[in-house]
Amino acid sequence: MSSGLEQVHVSAMLPTNVPLSHLGPSALLLLQLLLPPTSAFFPNIWSLLAAPSSITHQDLTEEAALNITLQLFLEQPPSSRPPLRLKDFLGRTLLADDLFAAYFGPGSSSRRFRAALGEVSRANAAQDFLPTSKNDPDQHFDAERLGQGRTRLVGALREAVVAARAFDNTLARQRLGAALHALQDQDFYSHSNWVEMGKKQPHPHLLWPRQELGNLAQVGDHTCSDCDKLSCPGNLLGYTLLTSGYFGTLPSKPPGKCSHGGHFDQSSSQPPRGGINKDSTSPGFSPHHMLHLQAAKLALLASIQAFSLLRSRLGDRGFSRLLDITPASSLSFVLDTTGSMGEEINAAKIQARRIVEQRRGSPMEPAHYVLVPFHDPGFGPVFTTSDPDSFWQQLNEIHALGGGDEPEMCLSALELALLHTPPLSDIFVFTDASPKDAFLTNRVESLTREQRCRVTFLVTEDPSRGQGRARREVLSPLRFEPYEVVALASGGDVIFTKDQHIQDVAAIVGDSMADLVTLPLEPPVVVPGRPLVFSVDGLLQRVTVRIHGEVSSFWIRNPEGVSQGQEEGQGPLGHTRHFGQFWMVTMNDPPQTGTWEIQVTAKGNPRVRVQAQTSLDFLFYFGVPMEDGPHPGLYPLTHPVAGLQTQLLVEVTGLGSRGNPGDPLPHFSHVVFRGVPEGPELGRVPLVPKGPRERGLLAASLPPMLLSAAGPFSLELIGQDGGGRDLHRAAPQSCMVVPVLLELSGPPGILAPGSKVPLSLRIASFSGPQDLDIRTSVNSSFALTSNLSRVRLEQNESAWGRLWLEVPDSVAPDSVVTVTVTATGREASPVAPTYAFLRLLVLAPAPQDQRAAPAHSSGPFLTTASPALRPSPLVTWGRAGGGLAGNLWWGTVGGVLLLLGLASW
């Protein structure tokens, strides 16, 4: 049986050859992969095309994480449910959905947890594709650089711990993914001869940088004999010296040394020929393919050691935040604190207090709180905490003070909140003013898509207010349009109300923090005289219709023909609330399944959104197949790029949901792409299952029409529930086809106060000529220079540049800096901006006086040294289509960190 995403097999006994001191709390479980005789672990699910029935980095990472999560659940019983029992999980394939249902209760969503694991897995797989890592022998334990590889590994783990303690879990997951890659097959256990030396457990000193790795082959030691076949089982010379293979031409292979091996390794054609890698099932890729099973088992055990280490360093609460082991959303407030905002601030305090009190100790208690104040001309600082009492105390200290005329620095504060709020969260903005920093609209819009956060603006407009904020005589009627743009992109709302309604409107904060799915409407926007149609399946609860605008009347009709109008209070279908221009109708449970209709009569362009609660939802990512090269897989993209053929990968959550216990599993069969905001259909393509059905992985090719030009789009999934009824789900956020590809990569080492480091930038066009201005920005206390300010690209052409980041001496260690690059079309060729965001961690120098860990220490020291920074090329030019074997992707996409970063593929 092939091990799958979100699965782990458990048994009651621990292998006797795995030291308990290394596994720590995991010693309760047998961590046994049920692998076939030929299994591989290439980067991710797309690698199965090259090596079917294989184990990927993605599989290993998520199985190790599930194992530690199960252990955490066993050791920390739920407060309001019976404790989990190990025997209930023996001999079964465990899915994340099942684990969450057992611990938090039936119907509890594992969506955020699976999204967090996806971030780690994609960062792991990306090490095989990024230009700064894919050919770096230190990153992969190649070329006998085992000590240097360990330095990188331990450094990445240290960065993950520091970033997690700084509440930047997105960056922590990226560094964790890089560290796990080094532990797994593409690095130590598959690229070295540890398995061939007969070892049955992970290397005991790999996480202890001050312990010797032991018996390392030296420069003059011959390690391999010549092998002229694909399979080379006996080409190692002796089994006492630890070595690894050389790959490619840099560095060159010395006489008598082993190669990595495989079709794409140029060094394997030089004597001694052949190689020793155990990356895959295929002899064409892996000369030591017959030992892959053993390497896979050690890689899993090593990954579990790393997760156990992180849990011990961060504590259970910190570890749970790192992997979002909760069904609850974070609570994030952005508050206007000018003198006219007294009512709004009080409303925010009341709702925050209500949420804290109602959810304390329950599965829906937020694990992360964010607060950002703003006024004119200032904004911030950001306050983040995991303690609800600290959050309440900080919020309670905010009062409406001062004044100043409209507008205010709202989008600057919102950008700060987005950079500190976990993905898939809700952010609520309270203000009565338009944005003074409207120039940030596109950048904030891109950040909402990267973070997949939903932003709701609660705006009080009361022209009769006699005191408080002064207003200019002339205010543009379009001054609130930036809020509309951001809300539309994020799947949120802009709710205009008045002071007397703000307390009631603010009550939607708690309602919005539930795990809501979006139901697609047909047509997607209000058309006069035409009803909006949506489908309700048997897996939905608490269906809610939200209508905002200058509405004169509306009605809702269920499949049986029962209607309800706009009258407030309880009606035949549900309960209606009305606050100014905002209406919310909550349907009675259980809702009638079938086709529903909504008819709206209004001035202007009213907005209608239908949402519901259910565990059946989906995550989605984009990527470019890289089917050639030494490590085939799906290279992650944050957004599709115009002219670049792209795959959509869908991960369905809550597949165990059934209307009736005996019903078959629900399934999705097609994806529909629509333009935004009008909703024209841009394509409808089938979804192809990848792996066993219970894994919920589906893939589809984006239609050429969608990729022909830059612009926003939405996507909808259609299928059938277990009873054969129509099943519809829509992504809450819109997506964007961007005009150019941006790659922004940082240095291989750490940032330290007072340092100056190079960053590399690459820009590529695949859809036609582009004339672009390039702008850069960074945190205010840092200095950033670039040698690339304008670029002209033809189709399939790329440009490279270099940035220099100067870290001030005064910067606080263990802080995060965000570098932003913007590519904007010049007047002659106007195109939408493309953004790249790169998060970097400033670390204090590692302690140099720590003693070596004892032989049976309970945990390693997390220390690292910054390796020498490699020179970065100046601006050069070349065809984006060039590359290995004429393959387009190798010459164009290798290394995108990318568009908006690895955080949101």
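For D316, the CG atom counts as densely surrounded, since its 6.0 Å shell holds more than 12 non-hydrogen atoms of other residues, nucleotides or ligands.
A pairwise comparison of heavy atoms in P327 and F100 identifies N-CE2, 4.0 Å as the closest pair. In this structure, Q566 and W583 approach most closely via the heavy-atom pair O-CZ3, 3.0 Å.
Applying the salt bridge (charged side-chain N to carboxylate O under 4.0 Å, His left out) criterion to D726, with sequence neighbours excluded, gives no partner residue.
No salt bridge links E365 with R359; every basic N to acidic carboxylate O contact stays at or beyond 4.0 Å. Salt bridge D617/R114: absent, no basic N to carboxylate O contact under 4.0 Å. A salt bridge does not link R542 to D589: none of the charged side-chain nitrogens sits closer than 4.0 Å to a carboxylate oxygen. Using a 4.0 Å cut-off between charged side-chain N and carboxylate O, E681 and R684 make a salt bridge.
Side-chain contact check for R607 and H548: at least one donor-acceptor pair (N or O, by modelled atom type) lies under 3.5 Å. With hydrogens and angles left out, the side-chain atoms of T576 and E567 include no donor and acceptor closer than 3.5 Å. Checking T518 against R609 by side-chain atom types alone, no donor-acceptor pair falls below 3.5 Å. Inspection of the D493 and T456 side chains reveals no N or O donor paired with an N or O acceptor under 3.5 Å.
Summarising the geometry, atom CE belonging to M736 is positioned 13.5 Å from atom OG1 belonging to T638; distances are rounded to the nearest 0.5 Å. Distance check, rounded to the nearest 0.5 Å: CG of L698 to CD of E651 gives 10.0 Å.
In summary, of the residues considered (F73, F113, F89), a ring-ring contact (aromatic ring centres under 6.0 Å, His included) with Y103 occurs for F73 alone. Each of S108, S109, S110, S615 was checked for a side chain to side chain donor-acceptor pair (under 3.5 Å) with D97, and the lone residue meeting it is S110.
At least one side-chain heavy atom of T170 sits under 4.5 Å from a side-chain heavy atom of P423.
For residues 668-680, the pairs satisfying salt bridge (charged side-chain N to carboxylate O under 4.0 Å, His left out) are E522-R674, R674-E716, with sequence neighbours left out.
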Table please: side-chain donor-acceptor pairs of residues 556-563 below 3.5 Å, with sequence neighbours left out.
{"residue": "R557", "atom": "NE", "partner": "S563", "partner atom": "OG", "Å": "3.3"}
{"residue": "R557", "atom": "NH1", "partner": "E597", "partner atom": "OE1", "Å": "3.2"}
{"residue": "N558", "atom": "OD1", "partner": "E560", "partner atom": "N", "Å": "3.0"}
{"residue": "N558", "atom": "OD1", "partner": "G561", "partner atom": "N", "Å": "3.1"}
{"residue": "N558", "atom": "OD1", "partner": "V562", "partner atom": "N", "Å": "2.9"}

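The backbone N or O of S121 sits nowhere less than 3.5 Å from a side-chain atom of R173 that would complete a donor-acceptor pair.
In this pair, F457 and Y483 present their aromatic rings parallel. The plane angle is below 30°, not in the 30 to 60° band.
A cation-pi arrangement is absent between R577 and F582 under the rule of less than 6.0 angstrom and at most 45 degrees off the ring axis.
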